[in-house]
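Naming convention: chains lettered A, B, ... in sequence-line order (proteins, then strands); numbering from 1 in each chain.
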Amino acid sequence: MPDFDLADAPVRELNAMLHALPPDTNETRWSIRNPGGKHAIACGLDRAITVEIAGHVGYYCGGMNKHATILIDGNAGVGLGENMMSGEVRITGDASQAAGATGCGGLLVIGGNASARCGISMKGIDIVVMGSIGPMSAFMAQAGNLVVLGDAGEALGDSIYEARLFVRGSVASLGADCIEKTMSAEDEAALAGVLAKADLAHVPTKSFKLYGSARKLYHFHVDNADAY
Amino acid sequence: MNDQPHRDPPDERQPTHRTLPRYSATFDPHTIAEIQRAAATGIYDIRGGGAKRKLPHFDDLLFLGASISRYPLEGYREKCGTNVVLGSRFAKKPIELKIPVTIAGMSFGALSGQAKEALGRGASAAGTSTTTGDGGMTPEEREHSSLLVYQYLPSRYGMNPDDLRKADAIEIVIGQGAKPGGGGMLLGQKISPRVAKMRTLPEGIDQRSACRHPDWTGPDDLEIKIEELREITDWQKPIYVKVGASRPYYDTALAVKSGADVVVLDGMQGGTAATQEVFIENVGLPILAAIRPAVQALQDLGLHRKVQLIVSGGIRSGADVAKALALGADVVSIGTAALIALGDNDPALEAEYARLGTTAGAYDDWHEGRDPAGITTQDPVLAARLDPVKAGRRLANYLAVLTLEAQTIARACGKSHVHNLEPEDLVALTVEAAAMAGVPLAGTNWIPGRS
């Protein structure tokens, strides 16, 4: 297993090595030590490899990930797994703002809490937060599933499109055009599927409430002027 | 006898000395119509294009030309270079344009697929780049653009690492001249199934793009964001930062501090696919007022001509190109003029414009998707009217004229490269333009605010 120490070499060198891996690489499991909160670690990966990072990462770790599994034992800065396309990013600790922002696919699992704007503009990613999420989460969320085992902060799902937000705890407030919805069998199956992928199949789906778009802001209308 | 003087009875057919109807300068007919429209509909006016009001502009500047103290170059023989390299600061693969004119970002969604293809064909034939927009990169525009700049916008519609790696440069859009501080807008008529899929949105909704980037705030974060994009693309691509002209000195300095290779500065005459009229006409600076502060920021940082400056907003002719370069820009960018070259607002379509309640030359309802020229539409029947090969050729012709005109002026000023034009070659016709451009009022040594 390749072992890379970020105390000895820059992030550029690590990312260049990871980007240069051929599709049929045998080096499928990487160990990264001393990340030291550095930014852009393991971003832009495009191979089905596993990257284990021992320690805290800075901004945009795992950004735009495709295929790779990135396992972080620590906390993360802003934009963890931003714009992920596929693969997995899992972190044991907390994530700062905009975790999973604009993610198009794949799975992001946050063992601790996530700060503000978790899942902002998400476009198909599945995000599971074991703890709670901060304010303005899932702002303009377009598609995908945000599953929160704890509580949600203020203005959840403001201006939301078609993403599904499953929250087990309390919601401080809902944003414009976001409402609680009845969970259909399809919604429940989707939730169960995401929980299973996150190794949380034991968590009962019935313990969640579903939030999504009221779809009242989909067309401009003067009577909605106070919501714009 | 009646000795009163004779007086004819009033003749109602004769003109009387009545006051002519007088329109108010404040409540002019357009204003009154807008109040009436607002009262009837309850919604602000949305349109395409840039500011239509009269603004201080390049027309208010003149070149001095060569004379006894300056040697001109022979107009048809001596070389006058026009090439420019963008991204030499940090990118491993800077791009070189043959001409100092590029095509501004315009989305597939705002424009038809045929129009995007035509822009790519025309720009490629002229040796310059074209730019994606708020809707992702289409295979067609990548195929037909030899140099393609991929925009990284707040909405991140269609953003993905594969297209990022396919791009020749990346443009982080903070804002645009038509609406500094505003996000994109694409109304339901233009959210076709393909557009909706590319943006991961329901079909037919009125789509409002975010105005703030979702995962960074402020220049310190932007620096880290640029670092991430460079890491993802292995430091190969030039990274531009585009801002609407509002605080050009500070925005340029902050973009440079954040690590930009290129700064793109868009004045309020720069077009939009759809924005509130009140926003277009009342927010931002005309490009004339924005170039010198941006250049000053680059000079103060010792990076003028090292970090390249692209300016846009109301560029129409080679004279405008030459004036923008003389004020310190490296490249100009065109959007509205490029669409006109493709066939927008063609007088031959007058009957159809009339049916839309407008006239050729004034058509700006680009958001409605009913463009008879087939450019600002997603209607397949209308879009099919635009022949991408012929329209691309018209754009290439127009780009050639812009370049030839700029060279003509540069040679007359004795310059062997268009980048050798300088503010010293210019004077202003108005006090306002003199102050904004930082050049003397014609016939004087007076630069308002400086001397």
Exercise. Is the number of heavy atoms from other residues, nucleotides or ligands within 6.0 Å of CZ (B:R370) greater than 12?
Worked result: no
Exercise. For the side chain of A:H219 and the backbone of B:L187, is there at least one donor-acceptor N/O pair under 3.5 Å apart?
Worked result: no
Exercise. Would a 4.5 Å heavy-atom cut-off, applied to side chains only, mark B:E231 and A:I41 as touching?
Worked result: no
Seminar exercise, completed: The reported gap from CZ in B:R212 to CZ in A:F139 (rounded to nearest 0.5 angstrom) is 5.5 Å
Exercise. Roughly how far, to the nearest 0.5 Å, is CD of A:Q142 from OH of B:Y157?
Worked result: 5.0 Å
Exercise. Side chain, backbone, both or neither: which part of A:D46 has a heavy atom under 4.5 Å from chain B?
Worked result: side chain
For this session: Quick one: pull up OG in B:S209 and CE in A:M140 and give me the separation to the nearest 0.5 Å.
Result: 6.5 Å
For this session: For B:R156 and A:E82, work out which heavy atoms get closest and say how close.
Result: NH1-OE1, 3.8 Å
Problem set entry | Partner chain A: residue of B:L229, B:I46, B:D162 with the largest heavy-atom pair count (under 4.5 Å) | B:D162
Problem set entry | Residue among B:Q207, B:R165, B:R230 with most heavy-atom pairs under 4.5 Å to chain A | B:R165
Seminar exercise, completed: Filtered by a 4.5 Å non-hydrogen cutoff, the part of residues 3-19 of chain A contacting chain B is A:V11, A:R12, A:N15, A:A16, A:H19
Problem set entry | Pairwise distance CD1(B:I232) to CG(A:N65) - rounded to 0.5 angstrom | 10.0 Å
Problem set entry | Contact class of B:D221 relative to chain A, heavy atoms under 4.5 angstrom | both
Problem set entry | Options A:Q97, A:K66, A:E162, A:R117, ranked by heavy-atom pairs under 4.5 Å with chain B, top entry | A:K66
For this session: Taking salt bridge (Lys or Arg N to Asp or Glu O under 4.0 Å) as the test, write out the residues that go with B:K257, two or more places apart.
Result: B:D220, B:E223
For this session: Compare every heavy atom of A:M64 with every heavy atom of B:P161, then report the nearest pair and how far apart it is.
Result: CG-O, 3.5 Å
Problem set entry | salt bridge (Lys or Arg N to Asp or Glu O under 4.0 Å) partners for A:E88, two or more places apart | A:R90
For this session: Could you tell me which residues satisfy side-chain contact (heavy atoms from CB on, under 4.5 Å) with A:S184, sequence neighbours excluded, listed by chain and number?
Result: A:E186, A:D187
For this session: Find the one option among A:A99, A:A101, A:C43 whose heavy-atom pairs under 4.5 Å with chain B are most numerous.
Result: A:C43
For this session: Could you please spell out the steps behind the side-chain contact (heavy atoms from CB on, under 4.5 Å) verdict for B:I205 and A:Y161?
Result: CA-CA 10 Å; B:I205 67 163; A:Y161 292 102; 3.4 Å; yes
Seminar exercise, completed: Between A:Y60 and B:D215 the two heavy atoms that sit nearest each other are OH-O, 2.6 Å
Exercise. Which atoms of A:C104 come close to chain B, meaning under 4.5 Å heavy atom to heavy atom: side chain ones, backbone ones, both, or neither?
Worked result: side chain
Problem set entry | Within 6.0 Å of NZ in B:K52, more than 12 heavy atoms from elsewhere | yes
Exercise. CD of B:Q189: more than 12 outside heavy atoms within 6.0 angstrom?
Worked result: yes
For this session: Go through the atoms of B:T233 and report whether side chain, backbone, both or neither lie under 4.5 Å from a heavy atom of chain A.
Result: neither
Problem set entry | Geometric cation-pi criterion, B:K225 with A:Y59: 6.0 Å, 45° | no
Problem set entry | Side chain / backbone / both / neither for B:R199 at chain A, heavy atoms under 4.5 Å | backbone
Problem set entry | Atom NZ of B:K197: over 12 foreign heavy atoms under 6.0 Å | no
